[in-house]
Protein chains: 2
Amino acid sequence: MNNKLNLDKLDLQIIQHMMEDAEISYADLGKKLFVSGGTIHVRIKKLQKDGIVKGTKLNTDLKLLGYDVIAFIGIYLKESSLYDSVAKELYKLKEVVRLNYTTGNYSMFVEIICKDISELRNVLHEKLQKIKGIERTETLISLEESFARNVRVLD
Amino acid sequence: MNNKLNLDKLDLQIIQHMMEDAEISYADLGKKLFVSGGTIHVRIKKLQKDGIVKGTKLNTDLKLLGYDVIAFIGIYLKESSLYDSVAKELYKLKEVVRLNYTTGNYSMFVEIICKDISELRNVLHEKLQKIKGIERTETLISLEESFARNVRVLD
DNA sequence: ATTGAAAGAGTCTCAGT
DNA sequence: ACTGAGACTCTTTCAAT
């Protein structure tokens, strides 16, 4: 099956379109998908009720907002049992926008967004290294984000 | 300065709020920020005109949509001059949702979202390894996404 | 720049199919 | 389950400040 709930092609088409642009009106989206605006409305309400659609988010240009640096940090823990306490500390750092518990080289994998390299250095040396339980870190600085897009739910 | 354009506190408050929830009405957001709905409207139009606000996106629950696996792949290139041609091939793979050109261990760093581990195996062994210019890859599988959030543009 | 009100456009509900 | 129309709400424009 294509998904855990029983979504049909129309549901997926709605999701696919609105993942890129949630501003389109139900009437206009209905025209594109050859159904009425009312049908789009009913489908979206159902998707919201089921928890599949959680809302909409503003899409901004981070560089224009002054955030020039994206970095990925692999974290080695002293013991893997320290995950939860380290995660709690990482959550407090506003520059840390994402945390994953990973297999492979690192125990934890973090994404950091900040304004410039000096701010990144501050986060790495002043903030991260002071968290108890972190043995060492490895930093990948993004020199360029070639692309970032959503999953494609239709072929 | 806080940013490259001259954004005041109200602009940042609007952005901060709508990055989490873009569905709020101008009137309601105005009430929260102690200005009229008309002012919110004017500010958002200016932010759009300046390219800071690029639109809104549907926020979905990927697990409920059947996408259970997030993986990060570090890619070693045979020569760094192959970046562009490899990037073009990676873009064609729908499972690859993000590509960064990075300093550090790897030349390229990729995020993959797919439905299950067998699909990930297929992407890694059938698709990635066939791209000319890739020497080898290192995979981090996310066992859990502890959090994922936006940058905080206000203190 | 901000406001408030009127006009226009979109969402939501519901009876009919 | 889909449709279309009416009620309601939100966005957009604009004259006044």
Side-chain angles (χ1 to χ4, degrees), chain A residues 1-62 64-66 150 152-155, chain B residues 1-62 64-66 150 152-155:
Chain A
M1 195 165 50
N2 199 27
N3 44 63
K4 287 173 184 172
L5 297 150
N6 48 338
L7 305 181
D8 66 7
K9 189 180 171 193
L10 180 59
D11 292 319
L12 294 174
Q13 283 175 313
I14 292 168
I15 291 166
Q16 186 70 64
H17 194 286
M18 293 187 72
M19 282 200 308
E20 309 298 328
D21 169 22
E23 263 160 4
I24 191 169
S25 74
Y26 296 172
D28 287 349
L29 186 52
K31 269 175 214 156
K32 285 200 181 206
L33 304 178
F34 307 106
V35 292
S36 72
T39 298
I40 301 290
H41 179 251
V42 169
R43 296 302 189 104
I44 289 177
K45 290 298 134 186
K46 186 179 124 314
L47 291 167
Q48 287 174 337
K49 188 186 110 323
D50 292 343
I52 293 167
V53 165
K54 297 194 282 185
T56 65
K57 289 187 167 194
L58 204 64
N59 181 18
T60 58
D61 186 312
L62 286 179
L64 288 180
L65 277 170
N150 296 305
R152 180 139 52 91
V153 297
L154 284 170
D155 299 299
Chain B
M1 194 165 54
N2 198 29
N3 44 63
K4 285 171 186 176
L5 296 150
N6 49 337
L7 305 180
D8 67 8
K9 189 181 170 191
L10 180 58
D11 293 318
L12 294 174
Q13 284 175 311
I14 292 167
I15 290 167
Q16 185 70 64
H17 194 287
M18 294 186 70
M19 281 199 310
E20 309 297 328
D21 170 22
E23 264 162 3
I24 191 169
S25 74
Y26 295 171
D28 288 348
L29 186 52
K31 270 175 212 155
K32 284 201 182 204
L33 303 178
F34 307 107
V35 292
S36 73
T39 298
I40 301 290
H41 179 251
V42 169
R43 296 300 189 104
I44 289 177
K45 289 298 133 186
K46 188 180 119 321
L47 291 167
Q48 287 174 336
K49 189 185 107 333
D50 292 343
I52 293 167
V53 165
K54 297 193 283 185
T56 65
K57 289 186 168 197
L58 204 65
N59 181 17
T60 57
D61 186 312
L62 286 179
L64 287 181
L65 276 170
N150 296 305
R152 181 138 52 91
V153 296
L154 285 170
D155 300 298

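If you're wondering where the values come from, they're calculated on a predicted model, not measured in any experiment. Below, read A as the first sequence line, B as the second, and so on, with proteins coming before strands; counting in each chain starts at 1.
- Going from atom NZ of K45(B) over to atom C1' of dT3(C) covers 18 Å, rounded to whole Å.
- Comparing dC12(C), dT3(D), dT13(D) against the side chain of S36(A) picks out dT3(D) as the nearest.
- Rounded to whole Å, the distance from CD1 on I24(A) to P on dA9(C) is 16 Å.
- Side-chain contact check for V53(B) versus M18(B): every heavy-atom pair is 4.5 Å or farther apart.
- Residue D21(A) holds its CG atom at 5.5 Å from NE2 of H17(A), rounded to the nearest 0.5 Å.
- One atom, OH of Y26(B), and another, C1' of dA9(C), lie 13 Å apart when rounded to the nearest Å.
- Dashed line: the shortest gap from a side-chain N or O of H41(B) to OP1 or OP2 of dT11(D) is not under 4.0 Å.
- Atom CD1 in I40(A) sits about 14 Å away from atom P in dG10(C), given to the nearest Å.
- Of the candidate nucleotides dT2(C), dT3(D), dT11(D), dT3(D) has the atom lying nearest to any side-chain atom of T39(A).
- Between G38(A) and G37(B), the residue anchored closer to the 5' end of DNA chain C is G37(B), taking for each the nucleotide with the nearest heavy atom.
- Taken to the nearest 0.5 Å, the CG atom of L7(B) stands 6.0 Å off from the CG atom of L47(B).
- Atom CG of D11(B) and atom P of dA1(C) are 11 Å apart (whole Å).
- Checked by atom type and distance alone, the side chain of D50(A) never pairs as donor or acceptor with a backbone atom of I52(A) at under 3.5 Å.
- Residue-level contact check: V42(A) touches neither bases nor backbone, having no heavy atom under 4.0 Å from any strand.
- The CG-C1' distance, from L29(B) to dT2(C), rounds to 15 Å in whole Å.
- The nucleotide whose nearest atom lies closest to any side-chain atom of L10(B) is, among dT11(D), dT2(C), dG4(D), dT2(C).
- Atom CD in E23(A) sits about 16 Å away from atom P in dC10(D), given to the nearest Å.
- One distance of note links CG of N59(B) with CD of E20(B); it measures 9.5 Å at 0.5 Å rounding.
- Among the nucleotides dA1(D), dT3(C), dT3(D), the one closest to any side-chain atom of R43(A) is dA1(D).
- The interatomic distance linking K31(B) (NZ) with dT2(C) (P) rounds to 19 Å, in whole Å.
- Listed nucleotides: dT11(D), dT11(C), dT3(C). Nearest to the side chain of S25(A): dT11(C).
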